[in-house]
Amino acid sequence: MSATYEDRVLYQGDVWVRIDTLPRIMAEGWRRNLMDGGVVSVVRTPFQWSMGSPVIEIETGGYQGDVGLYVPEVQLAEALDLLGFEPESGEPGPDGPESDGDAAAVRPEGPDRSGT
């Protein structure tokens with residue numbers, strides 16, 4: 001069974017946008033890239049929100065399934081740029097006109113997740 005995560009959520013009083021849903025280990029790698037670029041991120045598992053994922057949690061077998069990777073809406077454009085995402089042609093970018101709130105419009109041309 002796979003968890004589903006909303007595209008936009010209210011977390012700690014701010015709107016956060018889901019960048020993608022992906023295996024925990026990949027999400028942690030993306031979080032490191034975001035952190036290095038100055039973008040705050042949070043991982044949502046089916047059980048909790050995780051602002052910081054200590055290595056011990058991963059090493060001891062913490063939840064490793066699919067998680068939602070979220071960034072504050074105000075840092076969305078910066079996050080997408082850091083991760084190499086590009087808006088679909090014809091779709092407004094994160095700085096463009098208001099969309100229907102679906103972050104999925106910017107994901108299809110995202111970074112290569114094949115590990116190569």
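What you are looking at is a predicted structure, and each value in this text was computed from that prediction instead of being measured.
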(request) Could you list the residues that satisfy side chain to side chain donor-acceptor pair (under 3.5 Å) with E6, not counting sequence neighbours? (result) R44
(request) Give the minimum heavy-atom separation between L82 and G37, together with the two atoms involved. (result) CD1-CA, 3.7 Å
(message) How close do R24 and T45 get, counting heavy atoms only, and between which atoms?
(response) NH1-CG2, 3.8 Å
(message) Between Q75 and G38 (side chain of the first, backbone of the second, donor and acceptor by atom type, cut-off under 3.5 Å), is there such a pair?
(response) yes
(message) Is there a side chain to side chain contact (heavy atoms under 4.5 Å, CB included) between L69 and D20? Walk through the geometry before answering.
(response) CA-CA 6 Å; L69 176 62; D20 208 344; 5.6 Å; no
(request) Report whether M51 and Y5 are members of the same hydrophobic cluster (ILVMFWY, side-chain heavy atoms less than 4.5 Å apart, transitive linking). (result) yes
(message) So which atom in I19 and which in A79 form the shortest heavy-atom distance, rounded to 0.1 Å?
(response) CD1-CB, 4.2 Å
(message) ring-ring contact (aromatic ring centres under 6.0 Å, His included), that's the test. Do Y70 and W30 meet it? Break it down for me.
(response) CA-CA 11 Å; Y70 290 83; W30 286 19; over 10 Å; no
(message) Show the nearest heavy-atom pair for residues P72 and V40, with the distance to one decimal.
(response) CD-O, 3.2 Å
(request) Could you please spell out the steps behind the side chain to side chain contact (heavy atoms under 4.5 Å, CB included) verdict for L34 and L83? (result) CA-CA 7 Å; L34 292 169; L83 295 174; 3.9 Å; yes
(message) Can you list everything that forms a side chain to side chain contact (heavy atoms under 4.5 Å, CB included) with A27? Sequence neighbours excluded, please.
(response) L22, V43, V67
(message) Could you report the tightest heavy-atom contact between R18 and G68, atom names first, then the distance?
(response) CD-CA, 4.3 Å
(request) Measure the CD-CG distance between E28 and N33 for me, rounded to the nearest 0.5 Å. (result) 11.5 Å
(message) When you measure from the side chain of W16 to the backbone of V71, do you find a donor-acceptor pair of N or O atoms at a distance under 3.5 Å?
(response) no
